[in-house]
Structures are given as structure tokens and as C-alpha cells.
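Only one structure is covered here, and it is reproduced in the block below.
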2 protein chains.
Amino acid sequence: MDARQIQQVRRFNRLITQRVGALDHDYLRRGRPLGEARLIYEIGTGGAEVRALRARLGLDSGYLSRLLRSLETQSLIRVRKAPDDGRLRRVELTAKGRAELATYDRLSDRLAQSMLSPLGAAGRERLIAAMAEVEHLIRAVEVRVEAPTGADARWCLNQYFGELAARFETGFDPAKSNPAPDAEMIPPAGVFVVARLDGAAVGCGALRRIDRTTGEIKRMWTAPAARGCGVARKVLQTLEATARSWRLTTLRLETNRTLAEAQALYRGEGYREVAAFNDEPYAHHWFEKRM
Amino acid sequence: MDARQIQQVRRFNRLITQRVGALDHDYLRRGRPLGEARLIYEIGTGGAEVRALRARLGLDSGYLSRLLRSLETQSLIRVRKAPDDGRLRRVELTAKGRAELATYDRLSDRLAQSMLSPLGAAGRERLIAAMAEVEHLIRAVEVRVEAPTGADARWCLNQYFGELAARFETGFDPAKSNPAPDAEMIPPAGVFVVARLDGAAVGCGALRRIDRTTGEIKRMWTAPAARGCGVARKVLQTLEATARSWRLTTLRLETNRTLAEAQALYRGEGYREVAAFNDEPYAHHWFEKRM
DNA sequence: TCCATTCCCTGACTTTAGTCAGAGATCTTG
DNA sequence: CAAGATCTCTGACTAAAGTCAGGGAATGGA
């Protein structure tokens, strides 16, 4: 990561907060406190539950309650008990509230148009292509420890095995491979992590303890649609952080020769190829990293 | 400008304000009110005058004064009379203030790093290339009416004539071309506009009244470094807005065959080629647009 | 020299934003 | 059904952000 790259990213960040951040502050508020405006936006046409709003906007319960009361007296929203749970409250926009939301929509459109309009047809295509690229590359990947038995974890593992079967020259039969039962991916024997993009699972990975100082990386997988934006690297970094906290000094992993991207990732992150340390039948390359 | 493009731009804007806007709010503040933090950032190592700060940050005079007083009691800044004008005050960071600024710098770096670090070498290059592209295409071009006799206007016009001389197959001698004296580019006879990027002049254009309903576009020029990001289009749109406010219904212009980009711009903005309406010796194409 | 203007400051506000400690309903679990 | 947990609301705060109306010093032009 050289200084030129960092400078470019910083210049970009500065420009964008000025150009686009203006939206939040001037466009979106429209004479209304920003908090209320954001709230209307977050409630949306479909309505929402108060607790969900609190979580999404990260607001204090009392504060949110007061904001809702204010919108209610402006008759922009209607608050009712949730049908299934009497403690929860459901918020919905009134017709007036929906009109307000539509205005925000138009203003967002106008900002977008003001960015496109000075450009010619070719420039516009270049702009949206570049934006899509930036978007793809900086999407916030969240990596969290989860149980390997969870629904999303299972889904990732199934995808993973499916992909191995498709890509290995010999196909892939889990029964013939060295086993890694769930118990070995649950603390304290190991961990399993799931990577998410906007809430949807897009990758996974596991760390398994071998002995007091050695761990093994397993089950590294990224959904095809999310490749190239750092999901696997982030999963690996998360597993390594866990390994460090466990005071492991050596990490090992093995991989098949058809998984070229994986090998590039491992080498890039400081893994060096070593002699085979196990008899995994589907492995062609064995790697190790000293922490 | 189709809906898909607008959607992409809006998605991008939303994502970016979340990812990057976090900077302003969490990174930059560091236990200090955001207003003070921004102020330190804006003063910078070079110092600044109070009036300039007020203009740049758009703050109320009383509010800014109080912020400055607060930073002064924290001994982060020093305020003195400006040497040349006793009414103005000059603000400078103390050593402690500069240390604080350096911290913000490091935090900005860290944010940039956090965007780059999950990517591999190739991904990083792609990200900064895409960011540079977006940056180039959405830079805020400001177009303002200025006197054609101003220093920047003169500079633009010289560049313009220089470029004509270099590009026309026959060279260019202003004396042989139809004249457009300064007086005809000053209201009410006409207007002259200068386009600026970050304050620096990067283009110009003029509108001249022919009769009660007809105007003529002249002196359209964009600095080579700023081409492709909509400077000329914005200049043209500004001149057209003026023409409309003057109730002109027809706009004319002529151009040389070597200026292909210009012709593409005119056609794209709704100008149609017409028969020669004057005897400009350097012109090959004559255009007209009904408003 | 006088007078309008510019610039910065002070005092006296208001509005937003956000926090914290309960209270009162409602649900879940043993 | 009792006990504990969850959810929303109210009251009582504080801090930050921003506005408005002058006032005094310095300047520039008539």
C-alpha cells in the first residue's frame, strides 16, 4: 500500500464528502431537523418497527421516541401496536409522510442528475462504470464469528463443497477428505466465521486448533458474485486475529492446485509453501505462516 | 440520462456517505465537538484569516468567534491582527494545534488504509484508478460571469487563441477573423463566463447579442487538463440560461473543422448545422439552436 | 475630516442532538 | 401464575450548533 494510493483515496474521500455529503445536510433536511428527515427516509413506504429503526439508526430509545412523537404531531406518521407482539410498535407513513418521502426521492434524483448532466453520453457511461467499480471494491464486508451449524453457515459450506466438486479435476467427495466436524469449529477447539455484504452471507472460513501453538485454516470460500472485493482476505485476517489472541504462532493450510486465486491470496498474505504436513488426498499445496 | 444511470449514481452516493461520511463524524471528532475539529482542519498548517474561514465553512460570525475563543483557551490556536489590514484577524495553529492536525492526518490515512487493506495489489490499483476516474468526472465545475478584461479571462482567451493557431491547418491570426471586442461581451451587449475548478480558471465562453431574438456563442474553450469532465457543456448551459433570461429564441455559432470535440458537443446539446450565416474566414461549420 | 462600510466580537437567545434513569405495559419461561 | 426480560415512553438533564442584534475598532472614499 504505497503513499500515492493513500493520497488518491484521501483526495477522493475529501471530494466526495463535499459533493455528496452536501446531500445529507442540505438536500435531505429541507427545513426539517436532519434526525427527523433521516427517520422518514428510514421508515420508508413499507413502514417499520420502532426497535428496528432504533437498531438501524443507532439511536437512544428515548430520543427516538421523541422524534416519533414530533413526526406524529406533524401527522407524517402513524404509530400502532405490532399485531403479533403487543410490546412492539409499528410505524407507518401517512399519505402526507409518503409525499414527503417522495420529495426526498426527487431531490436525490436531482443530485444524481446534476452529476450526470454536465457529461456527454460517453462520459456518463464512464462515470457509472467507475462508480460501480468503486462500489464493488469498497463494499463494507462484515466478518463475524458464527456457529457452523447456523443456516447461513450451512449454506456457505454447501456452496463450498459444491464448488470443490465442480472445480477439482477428480470431483470432490467429503467422505474421502480429511474430516472437520462442527465441534472442531466451535470455541475453544476452533472458530467459524461468516462474511456478509449488506446482511447476506457471501463467504466463510474456519480456524482449527492443532496443538498449543499451531492452528489450521479451513473452509475458505467466497461467493462468486462477491469475488475481487476482498472478502476472502478479510476472512483470513479475522481468523489470523483470532489465532493471535489464542497465542498460536504457526498457521497451516492446504489447497488444491485448481484453486489459483486462493494460492495467490495465501502467498500475498505471507504464507510460504512447505512440505506436505498431512495426507489430505485432495491437496496439492501445503502452506504455513509464522505469526 | 436513463434511469439505470441515475440508480447507479444514487446507490453510489448512499454507500459513500455511509462509508466515508463516517470519517467526518467518528474519525475527525475525537472527543472534540465536530465544529472545532473542522475548524482546526480548515486552518491548516499555513493559518488563515477569520473572514476566509467564515466563508469557507459558511459559519455565522458570532458562532465562529466563539469557536475560535474556545480553541484559543485550549491553546490550539493563536489569533493576531492581520499585518496589512487592522480589521482582519489572522489565525494560526500553535505547536499543540499542529500536533492535533497531524493526528487528524493519521486518522484520514487510517481510513484510506482500511479501504485498501482488504484488497490485493491488483484490486488496489483498480480501486484507485476508478476513484481517480470518478473524481475527474464529478469535479465541481463552477461557471461564473466575469469581465472579459479580468486577469483569468485574459489568460483563457490567450490560451484559446494559442490553441486555434496550433490546431487550424491555416494557423490563426485574430486580425483576419471577425472581431469580438470586449465591449460586446459585457452586459447588456453580451456576457463572458469563466469556468473554474478548485478556483483555477479552466475554461471560458461568451454570448453576444445579435438582435432582439438572436444571440451568438463565441470563445468556447477548455484547458486540456480539464477536458472530458463537462467543463464546456456547463459553460454552454450557463450561456444558454442567460440567453433564455434575455428572451433570445435563436442561438448561433460557427466552428472550424479541426475542432471535432466542439462539434460533437454542439450536436449533443441540440444545435443543428445550417448554412453559413456570416463570412468568418476560419469557419467551416455553422450551427443554430432554437430555444 | 467625516461617514459609511467592513470586520470581529459579545450577549442573549433557540433549536437539535443526545444521555440517563426509571415507569408501565406486554411477553416468555420455568 | 410468578419472575424476569423486553419494549416503548416520560421526565429531567447536558452539550453542541446555530441565530440575531448590536457595538467598537479599523479602513476607505468623499
Side-chain angles (χ1 to χ4, degrees), chain A residues 17 21-43 47-74 76-92 100, chain B residues 17 21-43 47-74 76-92 100:
Chain A
T17 36
L23 175 135
D24 263 34
H25 262 72
D26 301 338
Y27 276 71
L28 198 58
R29 64 157 70 216
R30 299 212 322 121
R32 191 184 304 291
L34 190 56
E36 292 185 6
R38 271 205 303 249
L39 193 46
I40 293 176
Y41 197 84
E42 207 62 43
I43 293 168
E49 260 138 39
V50 172
R51 96 207 276 287
L53 291 172
R54 205 169 43 232
R56 278 211 295 266
L57 292 165
L59 295 177
D60 172 82
S61 143
Y63 181 32
L64 175 57
S65 188
R66 241 174 297 271
L67 284 177
L68 288 172
R69 221 49 55 227
S70 160
L71 292 180
E72 208 169 19
T73 59
Q74 296 170 64
L76 292 164
I77 62 168
R78 206 177 10 245
V79 183
R80 278 185 304 212
K81 273 189 180 175
D84 46 329
D85 186 333
R87 291 168 303 182
L88 272 64
R89 229 126 285 210
R90 214 187 145 62
V91 190
E92 257 146 39
E100 197 64 17
Chain B
T17 37
L23 177 135
D24 263 33
H25 262 73
D26 301 337
Y27 276 70
L28 199 59
R29 64 157 71 215
R30 299 212 321 121
R32 191 184 305 291
L34 190 57
E36 292 184 5
R38 272 206 300 253
L39 193 47
I40 293 176
Y41 197 84
E42 208 60 44
I43 294 168
E49 261 139 39
V50 171
R51 96 208 275 288
L53 291 172
R54 205 166 45 232
R56 278 210 295 265
L57 292 165
L59 296 177
D60 172 84
S61 142
Y63 181 32
L64 176 58
S65 190
R66 241 175 298 272
L67 284 177
L68 289 172
R69 220 52 52 227
S70 159
L71 291 179
E72 208 169 18
T73 59
Q74 295 170 66
L76 292 164
I77 61 166
R78 208 178 7 245
V79 183
R80 278 184 304 209
K81 273 190 179 173
D84 46 329
D85 186 334
R87 290 169 303 181
L88 272 66
R89 228 127 285 210
R90 212 182 150 65
V91 190
E92 257 146 39
E100 197 63 17

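Below, read A as the first sequence line, B as the second, and so on, with proteins coming before strands; counting in each chain starts at 1. The basis for the numbers below is simple: all heavy atoms, side chains too, and nothing from hydrogens, waters or symmetry mates.
Look at CZ on B:R80: it is 19 Å from C1' on C:dC9, rounded to the nearest Å. Straight-line distance from the CZ atom of A:R90 to the P atom of C:dT26: 19 Å, rounded to whole Å. The CG atom of A:L59 sits 16 Å away from the P atom of D:dC7 (whole-angstrom rounding). Straight-line distance from the CG atom of A:L68 to the P atom of C:dA17: 14 Å, rounded to whole Å. Atom CG in A:L67 sits about 11 Å away from atom P in C:dT16, given to the nearest Å. Put simply, CG on A:L57 is 16 Å from C1' on D:dT8, counting in whole angstrom units. For A:L64 and D:dC9, the CG to C1' distance is 11 Å, given to the nearest whole Å. The interatomic distance linking B:L34 (CG) with C:dT16 (P) rounds to 18 Å, in whole Å.
Listed by chain and number, the residues in a salt bridge (charged side-chain N to carboxylate O under 4.0 Å, His left out) with A:R56 are A:E42 (sequence neighbours excluded). In this view, A:R54 and A:V50, A:R51, A:S61, A:L64 satisfy the side-chain contact (heavy atoms from CB on, under 4.5 Å) rule, not counting sequence neighbours. By the side-chain contact (heavy atoms from CB on, under 4.5 Å) test, B:D60 is found to be paired with B:Y63, residues two or more places apart in sequence or in another chain being considered. Every residue meeting the side chain to side chain donor-acceptor pair (under 3.5 Å) condition with B:Q74, not counting sequence neighbours, appears here in chain and number order: B:R32, B:E36, B:S70. A search for salt bridge (charged side-chain N to carboxylate O under 4.0 Å, His left out) contacts involving A:R78 returns nothing, not counting sequence neighbours.
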Q: Any chance you could list the contact pattern along nucleotides 20-30 of chain D? Use B for base contacts, S for sugar-phosphate-only contacts and - for none, protein heavy atoms under 4.0 Å, 5' to 3'.
A: B-----BS---

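Of the candidate nucleotides C:dC9, C:dC8, C:dT16, C:dC8 has the atom nearest to the side chain of B:L88.
In terms of phosphate contacts, B:R32 brings no side-chain nitrogen or oxygen within less than 4.0 Å of OP1 or OP2 of D:dA16.
Looking at heavy atoms from C-beta onward, B:L68 lies out of side-chain contact with B:E72 at the 4.5 angstrom threshold. Contact of the B:L59 side chain with the B:L53 side chain is not registered, since no non-hydrogen atoms from C-beta on lie closer than 4.5 Å.
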Considering only distance and modelled atom types, tabulate donor-acceptor pairs under 3.5 Å from the side chains of residues 79-88 of chain B, sequence neighbours left out.
residue, atom, partner, partner atom, Å
B:R80, NH2, B:E92, OE1, 2.7
B:D85, OD1, B:R87, N, 3.0
B:D85, OD1, B:R87, NE, 3.3
B:D85, OD2, B:R87, NH2, 3.0

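Residues from residues 47-55 of chain A that place a heavy atom under 4.0 Å from any atom of DNA chain C: there are none.
Between the axis at the start and the axis at the end of the helix from C:dT1-D:dA30 to C:dG30-D:dC1 there is an angle of 20°, using five pairs per end and rounding to 10 degrees.
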